[in-house]
Amino acid sequence: MDNGMPTRYDASLSEAKWYEAWENAGLFKPDSDLGKPVYAITVPPPNITGSLHMGHALCYPLQDLLGRYRRLRGDSVLILPGQDHAGIATQSVVEKQLRAQGTSGAQIGREAFIERVWEWRTESGDTILNQLRRLGCAFDWSRQRFTLDDRYAEAVLKVFIDWFDRGLIFRGKRVVNWDPVLQTSVSDIETERKTVRGKLTYIQYPYADGSGHVVIATTRPETMLADVAVAVHPSDERYKDKVGKMLVLPLMNREIPLVADVYPDPAFGSGAVKITPAHDANDYQVGVRHNLPMPVLLDARAKITEAGGPYAGLDRLEARKRIVADLEELGLIEKIEEYDIPIVVSERSGEVIEPLLSEQWFCDQPKLAEPIIEAVKRGDVKFHPDRYDRIFLEWMENIREWCVSRQLWWGHRIPVYFTDDGRAVAALSWEEAEKKAGAKIVRQEEDVLDTWFSSGLWPFATMGWPQETDDLKRFYPTSTLITDRNIINLWVARMMMMGYDLMGEKPFSDVMIYATVLREDGKRMSKSLGTGVDPMSVIETLGADALRYTLLSQTGENQDLRYSERRTEDARNFCNKIWNATRFVLMNVDQTPKEPSELEASDKWLLSRLHLTERKVRAAYDHYDIQSACQALFHFFWGELCDWYIEISKPRLNDPATKETPQWVLLTAIEAFLKMMHPVMPHLTEELYQHLPLDGKAAFLMSADWPNIPSYYSFAEEEASMERVFEVTRGLRALRASIDLTPMKPIPVAYYQGALHGGEQVLSSQAWVQELREGKPNERAVSSTVAGVDLHIPIGDIIDVEKLCASLRMELAKVTDNHDKLKLRLENPQFVERAKPEIVERERATLADMEAHITKLKERILLFTP
RNA sequence: GGGCGGUUAGCUCAGUGGUAGAGCACUUCGUUCACACCGAAGGGGUCACAGGUUCAAAUCCUGUACCGCCCACCA
């Protein structure tokens with residue numbers, strides 16, 4: 001009878017088993033039936049340096065959920081995973097390893113270094129992918145891609161060459177973010193803005209003609225060595241007659257001009273700004289406008305160059321101290337103030353970023369952005385939540401050139417070759433470059449491309465582009481992109497630009513932005529601070545499905561999600577509840593029951609709820625509103641199927657003459673529920689599905705169809721009457737509990753007056769009521785009224801009369817209070833006039849009920865008052 | 001400086017005009033053969049604040065405060 005199923009669900013037994021079974025059955029690959037609608041996701045590639053964190057444990061199962069859902073709905077689904085070489089992140093990890101071994105990249109050279117990185121990748125690169133398997137992600141591993149695979153790399157170079165030839169990529173001198181430790185330019189996303197307490201130093205720059213001085217303020221005094229001007233606002237009265245004069249740059253004894261420019265804010269400090277074009281993006285603009293020289297003061301390691309004269313060779317911070325001291329000695333320091341300085345820090349090295357003028361490769365994003373803006377405005381690509389439409393558009397409209405070159409080794413080397421006569425051509429190889437240039441090539445560009453350049457091709461390079469593969473034809477454009485909000489601009493925008501430009505079509509239709517997973521206290525999880533929760537250890541103790549449910553059931557339009565392990569325990573309990581309820585059904589059903597011709601009210605009620613649940617869940621999944629789907633499923637299963645239907649049907653199940661109908665209803669409900677729950681809890685549902693005695697079921701739940709709940713399972717009348725029955729049942733239980741003040745045996749008899757709508761059976765099946773009678777008892781009883789039904793439980797004299805009266809009076813006070821308020825409202829002519837008629841009608845009925853209730857309460861109080 | 005999100009029960013959050021909801025936690029009761037990772041009954045909220053619109057506001061409008069995130073060239 002117990003069919004061998006233990007009383008607790010053991011996640012560790014099921015999870016590995018079913019994952020392997022699915023994979024062996026080839027279920028992670030798209031259906032070969034070309035007639036089916038397609039659903040495709042190219043999964044955001046995790047870094048090869050990565051290991052799983054809670055954000056991943058949400059993001060990847062979310063994609064798995066969508067894939068599994070669409071599969072059940074009958075689509076041919078492709079979920080294509082892969083990895084990103086993550087240039088700067090990976091290179092800095094390997095550099096660190098080399099340093100620990102007492103060597104460095106510079107020492108072993110480019111080729112040996114790259115070899116080392118590849119070695120490291122094969123060693124530990126697949127860790128995170130295996131962790132995704134552990135989470136149950138049904139991804140098509142046979143199509144797995146890596147951004148440095150040969151074919152992928154060729155696609156990257158082809159794009160570069162194409163854009164170079166079309167003038168969309170060009171070389172230029174700009175002020176970029178320079179990381180002095182990693183010695184490369186870095187993108188804005190690889191930097192972090194902070195404010196630190198520092199000093200603002202006011203320095204006097206004397207006029208060359210001896211007519212006094214100008215005071216400038218700076219947070220980086222050492223940059224003065226490369227100053228080429230001082231700027232003031234043209235409208236600034238204080239300098240009206242001084243513009244054009246020359247100043248003597250202290251310490252360097254160089255003459256620099258006082259220029260008028262719109263950049264300085266006259267309200268700030270003295271209104272005069274020192275101009276260092278090579279080390280500040282604003283100053284650079286001023287330098288360009290006034291055609292000023294741009295001496296570079298810092299080298300790649302942020303040491304002072306020859307341009308710094310006597311300070312050459314010093315580190316910038318050392319130079320800063322010396323310069324302030326020297327100026328002090330000269331009496332040129334006006335004052336030094338404590339000041340909150342905004343600084344930019346490299347995410348990878350932690351070092352303060354130096355703005356540095358250097359020669360880099362740039363991509364003309366403003367040009368590429370044009371079609372994107374139109375597309376989003378047209379609704380070609382939609383964001384979820386939709387507020388991101390505007391945020392995205394705003395950024396696209398203000399987009400700037402993109403520095404695509406990195407001074408790294410790990411990545412796609414820029415395919416630009418220089419000829420002996422100084423020209424640059426882009427080509428796939430040295431030979432091709434010579435042919436293309438018609439000249440001798442002397443060297444190839446050393447820099448590599450920004451990681452985002454290659455990941456921007458992800459939706460189509462993974463499918464074999466630039467070849468016209470079958471996958472591309474079938475699955476591009478993809479359906480949904482799931483990502484976190486931090487990389488909308490850096491990654492999503494690039495995929496859009498590259499997709500529209502190179503494929504002539506959007507890369508995906510929907511972009512879903514998921515919540516940031518925070519700690520329980522609302523703070524960020526930080527790996528370096530050790531405040532993160534490790535998903536793998538949670539999976540070990542509570543199971544992958546419980547973790548998935550925890551995160552997915554909190555996924556909607558919210559921007560943050562607080563993770564609490566307690567919630568995963570609740571989710572585990574839910575798994576167990578599903579396990580045991582199904583176990584109960586299996587203990588009572590040994591073969592497929594036939595669909596009955598006649599249903600009782602409770603059967604119709606459950607089927608009706610099932611029907612409604614299916615509609616809710618489907619709509620919720622369709623709108624990425626996973627939390628509503630989970631809520632509907634939880635409520636249906638625990639609150640309706642378990643709490644009510646199973647209990648109600650027990651007497652019928654125990655009688656061979658009546659058991660078949662509830663058997664069929666239970667099996668129908670369980671099967672449908674498992675299917676709907678499957679995208680969230682794939683392992684548990686598969687395990688249970690395999691036990692179900694269903695004729696002609698699919699080999700795997702994973703490959704089954706979405707449940708078909710016919711609309712004739714909708715029974716409004718039975719729903720309403722059963723709800724009333726439940727209310728009465730709860731009322732009787734409450735009545736029982738209210739007299740349980742003293743030890744009580746089961747109630748021998750309960751009375752009722754009023755229409756039970758077929759609920760007699762439900763009430764008498766309650767084991768604690770031995771007999772149910774219609775009418776009113778002659779003896780003393782406690783009573784209450786629920787849903788228009790009077791309930792009485794005879795009590796003899798074993799009761800605390802005072803306590804009972806007190807609680808009756810409290811109830812009376814409460815009801816009277818509500819009654820008076822409602823009455824007042826109904827006496828207000830404006831309410832009766834202006835409110836919707838059905839509202840007024842309803843309120844009148846409520847008032848009548850309240851009046852009846854009050855009368856009864858008064859009677860009952862009298863009954864117990866001596 | 002600009003923009004966005006949030007503020008509802010002890011905790012985590014649903015709830016877009018009609019007398020406040022869920023899960024957990026808490027209190028009391030209960031080991032009747034699916035499940036104690038369970039069941040039953042309870043207690044608990046002037047819906048951040050101030051105005052306004054409306055017969056009616058957690059819900060719509062305006063403003064304020066606090067928390068968080070994003071963007072930004074103030075030395």
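Source: prediction; values computed, not measured. Letters A, B, ... are given to chains in the order of the sequence lines, protein chains preceding strands, and every chain is numbered from 1.
Nucleotides B:rU28 and B:rC13 are separated by 29 Å at their P atoms, to the nearest Å. Rounded to whole Å, the C1' atom of B:rC61 lies 30 Å from the corresponding atom of B:rA72. Taking atom P on both nucleotides, B:rG10 is separated from B:rU46 by 9 Å, rounded to a whole Å. The gap from the P atom of B:rA56 to that of B:rG68 amounts to 38 Å, rounded to the nearest Å. Rounded to whole Å, the separation between the C1' atoms of B:rG18 and B:rC71 comes to 42 Å. Using C1' as the reference atom, B:rC47 and B:rC35 are 36 Å apart when rounded to the nearest Å. When the P atom is used for both B:rG21 and B:rU27, the distance is 24 Å, rounded to whole Å. B:rG15 and B:rA57 have their C1' atoms separated by 14 Å, with the value rounded to a whole Å.
Side-chain atoms of A:I839 lie closest to B:rG18 of the nucleotides B:rG23, B:rG18, B:rA34. Comparing B:rC4, B:rG23, B:rA14 by their nearest atom to the side chain of A:R390 picks out B:rC4. Each of B:rA14, B:rA34, B:rU19 was ranked by its minimum atom distance to the side chain of A:I646; first place goes to B:rA34. Of the candidates B:rG23, B:rG18, B:rG39, the closest approach to any side-chain atom of A:A835 belongs to B:rG18. When the nucleotides B:rG39, B:rG42, B:rG18 are ranked by their closest atom to the side chain of A:R842, B:rG18 comes out on top.
Between the P atom of B:rU32 and the CD atom of A:Q770 lies a distance of 16 Å, rounded to the nearest Å. For the pair A:E727 CD and B:rA41 C1', the computed distance is 16 Å after rounding to whole Å. Computed from coordinates, the A:N576 CG to B:rC35 C1' distance equals 6 Å when rounded to whole Å. Between the NZ atom of A:K650 and the P atom of B:rC38 there is a distance of 15 Å, rounded to whole Å. Distance A:Y563 OH to B:rU12 P: 16 Å, rounded to the nearest Å. Atom CG of A:D521 and atom P of B:rU12 are 9 Å apart (whole Å). At whole-Å resolution of the value, CG in A:D625 and C1' in B:rC13 are 13 Å apart. The interatomic distance linking A:E838 (CD) with B:rG17 (C1') rounds to 13 Å, in whole Å.
OP1 or OP2 of B:rG39 has at least one side-chain nitrogen or oxygen of A:K577 nearer than 4.0 Å. OP1 or OP2 of B:rC38 sits under 4.0 Å from a side-chain N or O of A:N573. Within the 4.0 Å cut-off from OP1 or OP2 of B:rC37, not a single side-chain nitrogen or oxygen of A:R572 is found. Residue A:W638 places at least one side-chain N or O under 4.0 Å from the OP1 or OP2 atom of B:rG39. Using a 4.0 Å cut-off, some side-chain N or O of A:R733 falls inside it from OP1 or OP2 of B:rA41.
A salt bridge links A:E338 to A:K199: one of the charged nitrogens lies within less than 4.0 Å of a carboxylate oxygen.
For A:H279 (side chain) and A:P355 (main-chain N/O), a donor-acceptor pair under 3.5 Å exists by modelled atom type. Side-chain atoms of A:R485 come within 3.5 Å of backbone N or O of A:Q559 as a donor-acceptor pair.
In this structure, the side-chain hydrogen bond (donor to acceptor under 3.5 Å, both in side chains) partners of A:E723, at least two apart in sequence or on a different chain, are A:W605. Applying the side chain to side chain contact (heavy atoms under 4.5 Å, CB included) test to A:D820 and every residue at least two apart in sequence or in another chain returns A:T816.
Under the 3.5 Å distance criterion, with hydrogens and angles disregarded, a donor-acceptor pair is assigned to the side chains of A:E334 and A:Q204. Side-chain N/O atoms of A:E520 and A:S564 include a donor and acceptor closer than 3.5 Å. Side-chain contact annotation: A:R825 with A:N828, donor-acceptor N/O pair under 3.5 Å absent. Between the side chains of A:Y263 and A:Q285, no donor N or O sits under 3.5 Å from an acceptor N or O.
The aromatic rings of A:W579 and A:Y9 are tilted relative to each other, their planes meeting at an angle between 30° and 60°. Between A:F673 and A:F574, the two ring planes are perpendicular [angle over 60°; tilted spans 30° to 60°].
For RNA chain B, if you chain together Watson-Crick or G-U pairs that step i with j, i+1 with j-1 and so on, the runs of at least three with distances under 3.5 Å are B:1-7 with B:65-71, B:10-13 with B:21-24, B:26-30 with B:38-42, B:48-52 with B:60-64.
The residue among A:R387 and A:T846 whose nearest nucleotide of RNA chain B lies closer to the 5′ end is A:R387. Between A:E394 and A:E520, the residue whose closest nucleotide on RNA chain B is further toward the 5' end is A:E394.
Using a 4.5 Å heavy-atom threshold, the side chains of A:M224 and A:Y205 count as touching.
Residues A:H384 and A:Y624 bring their aromatic ring centres within 6.0 Å.
Note on residues 265-274 of chain A: pairs passing salt bridge (Lys or Arg N to Asp or Glu O under 4.0 Å), not counting sequence neighbours, are A:D227-A:K274.
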Under 4.0 Å protein heavy-atom contacts per nucleotide of nucleotides 67-75 of chain B, with B for base, S for backbone only and - for none
-BSS-SBBB
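Of all non-hydrogen atoms in A:I670 and A:V585, the two that sit nearest each other are CG1-CG2, 4.0 Å.
For the segment residues 810-823 of chain A, residues with any heavy atom less than 4.0 angstrom from an atom of RNA chain B are, sorted by number, A:N818.
At a cut-off of 3.5 angstrom, the base of B:rA14 holds no donor-acceptor pair with the side chain of A:Q554.
Base contact: A:M850 has a heavy atom under 4.0 Å from a base atom. Within 4.0 Å of A:C642, counting heavy atoms only, lies at least one base atom of the nucleic acid. At the heavy-atom level, A:R566 lies under 4.0 Å from the strands shown only through sugar-phosphate atoms.
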